[in-house]
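Reading through the structure tokens given below for one structure.
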Amino acid sequence: REKYVEINKVLELCGGKCNRAKKAHIFESEEKAKSIIEAQEKGEVVDKKKSYQFYETPKEIAKQMVELADIKYVNYEETAEDDNSEILQDVIEPSAGRGAICDEIDGSRCLFRCTELDPENCKILEEKGYPVFCGDFLTSTEEADRFIMNPPFTKGQDADHILHAYSLLRKGGSLVSVASAGVEFNSQKKYKKLRELIEKNGKIIKLENNSFKESGTNVNTVIIVLNK
């Protein structure tokens, strides 16, 4: 039993999902299956949820966030008859994962793009047709009218990512982000700075406890809305 539990954990960390009917672990892609060979060669397996802090945004929360962002989509039927046609809004998802938030955005009526750190997730985003920069968002200098995001939480990364995104937010723009509930009381300077911004230019929406349980974490979360 102990040996089975250990093997099952390794297979799941490599991306396999146990299928009792088939009595096997099923992998979504050949790339994920290859990670088993890599684990054998290296003698270790990387927990990507921890290393990349990838906890996918549940669909209902992703929908709520996009609604809160209030993207001003272009209506092509109306603007076609208008000489002063609207400019497409720039919308960025800075920690896109596998596209849970991206899937709720109508990229055909805005200038949408995303950033993702995990190369494997970048491939998934590309296959979905999303314009993606594979790298660290904290090095980005791209401004936008909307940032909609679910950043990593550990070591205060949620505050780092939100503050960086706000520095790139254009005047009149909006930022909507998931954050750890600790944003309301953490004593670090960056969290104090974030709370000051929220007090002046935004609000915090509390989510139900364990809102991300289906994504593999019981960390309590909130949604932050910031305007500029």
Side-chain angles (χ1 to χ4, degrees), residues 5 8-9 11-13 15-18 20 28 46-71 91-105 114-118 120-121 124-125 137-138 146-166 169 174-227:
V5 171
N8 181 62
K9 185 176 181 180
L11 291 172
E12 286 184 345
L13 287 175
K17 293 183 179 179
C18 182
R20 292 185 178 180
E28 293 177 357
V46 176
D47 187 343
K48 288 199 171 186
K49 279 191 180 292
K50 290 183 178 178
S51 60
Y52 287 106
Q53 284 291 291
F54 171 55
Y55 297 100
E56 196 156 29
T57 311
K59 188 174 181 63
E60 289 307 311
I61 294 176
K63 279 185 177 180
Q64 181 182 2
M65 293 172 70
V66 172
E67 287 174 4
L68 287 166
D70 191 26
I71 300 168
V91 182
I92 294 179
E93 212 288 38
S95 302
R98 295 177 185 167
I101 293 174
C102 306
D103 293 344
E104 303 303 324
I105 297 170
C114 59
T115 300
E116 171 55 33
L117 189 59
D118 182 353
E120 187 177 299
N121 284 345
I124 293 170
L125 292 165
F137 170 64
L138 293 179
R146 298 287 187 275
F147 282 97
I148 311 171
M149 54 202 285
N150 174 11
F153 290 0
T154 58
K155 299 180 180 179
Q157 289 182 87
D158 49 354
D160 291 333
H161 280 241
I162 294 168
L163 289 170
H164 184 61
Y166 192 77
L169 187 66
S174 297
L175 180 159
V176 179
S177 179
V178 173
S180 64
V183 73
E184 296 188 273
F185 53 80
N186 193 299
S187 60
Q188 291 182 61
K189 286 183 179 179
K190 55 189 171 185
Y191 283 103
K192 289 181 180 178
K193 182 178 179 180
L194 181 54
R195 284 196 292 273
E196 287 172 4
L197 270 179
I198 295 168
E199 188 175 338
K200 291 178 182 177
N201 303 310
K203 62 182 177 180
I204 292 177
I205 300 169
K206 293 184 179 181
L207 294 173
E208 292 183 8
N209 289 347
N210 302 320
S211 291
F212 276 71
K213 186 176 182 180
E214 67 183 66
S215 303
T217 179
N218 291 322
V219 172
N220 288 332
T221 52
V222 298
I223 291 176
I224 291 173
V225 180
L226 282 170
N227 302 307

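Every heavy atom of this structure was used, including side-chain atoms; hydrogens, water molecules and symmetry mates were not.
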Under 3.5 Å, side-chain donor or acceptor atoms of residues 216-225 against the rest of the protein: list the pairs with distances, not counting sequence neighbours.
unit_1 : atom_1 : unit_2 : atom_2 : d
Thr217 : OG1    : Val219 : N      : 3.2
Asn220 : OD1    : Asn210 : N      : 3.2

Here the salt bridge (charged side-chain N to carboxylate O under 4.0 Å, His left out) pairs for residues 206-215, sequence neighbours left out, are none
Taking side chain to side chain donor-acceptor pair (under 3.5 Å) as the test, write out the residues that go with Ser174, two or more places apart. Asn227
Considering all heavy atoms of both residues, which atom of Met149 and which atom of Ile101 are nearest to each other, and what is their separation? C-CD1, 4.0 Å
Check whether any side-chain heavy atom of His161 sits under 4.5 Å from a side-chain heavy atom of Ser95, and report yes or no. yes
List the atom of Ala100, the atom of Glu56, and the distance in Å for their closest heavy-atom pair. CB-CG, 3.7 Å
Rounded to the nearest 0.5 angstrom, the OG-CZ distance for Ser180 and Phe185 is 7.0 Å
How many angstroms lie between CG in Leu175 and CG in Leu163, if you round to the nearest 0.5 Å? 9.5 Å
Hey, is the main chain of Tyr55 close enough, under 3.5 Å, to the side chain of Ser215 for a donor-acceptor pair? no
Please list, one pair per line, the donor and acceptor atoms closer than 3.5 Å that link side chains of residues 189-201 to other protein atoms, with sequence neighbours excluded.
unit_1 : atom_1 : unit_2 : atom_2 : d
Lys190 : NZ     : Lys155 : O      : 3.3
Lys190 : NZ     : Asp160 : OD1    : 3.3
Lys190 : NZ     : Asp160 : OD2    : 3.2
Tyr191 : OH     : Asp158 : OD1    : 2.5
Arg195 : NH1    : Val183 : O      : 3.0
Arg195 : NH1    : Asn186 : O      : 2.9
Arg195 : NH2    : Asn186 : O      : 2.8
Asn201 : ND2    : Tyr166 : OH     : 3.3

Closest heavy-atom contact between Ala69 and Arg146? O-NE, 2.6 Å
If every non-hydrogen atom of Phe147 is compared with every non-hydrogen atom of Ala165, which pair is closest and at what distance? CE1-O, 3.4 Å
In sequence, state the C-alpha distance, the side-chain angles, and the governing distance for Val178 and Phe153, and then conclude on side-chain contact (heavy atoms from CB on, under 4.5 Å). CA-CA 9 Å; Val178 173; Phe153 290 0; 3.7 Å; yes
Specify the closest pair of heavy atoms between Arg98 and Leu125, including all atoms of both residues, with the distance to one decimal. C-CD2, 3.7 Å
Between side-chain atoms of residues 57-65 and protein atoms elsewhere (two or more places apart, or another chain), which donor-acceptor pairs fall under 3.5 Å?
unit_1 : atom_1 : unit_2 : atom_2 : d
Thr57  : OG1    : Asn150 : ND2    : 3.0
Lys59  : NZ     : Glu104 : OE2    : 2.8

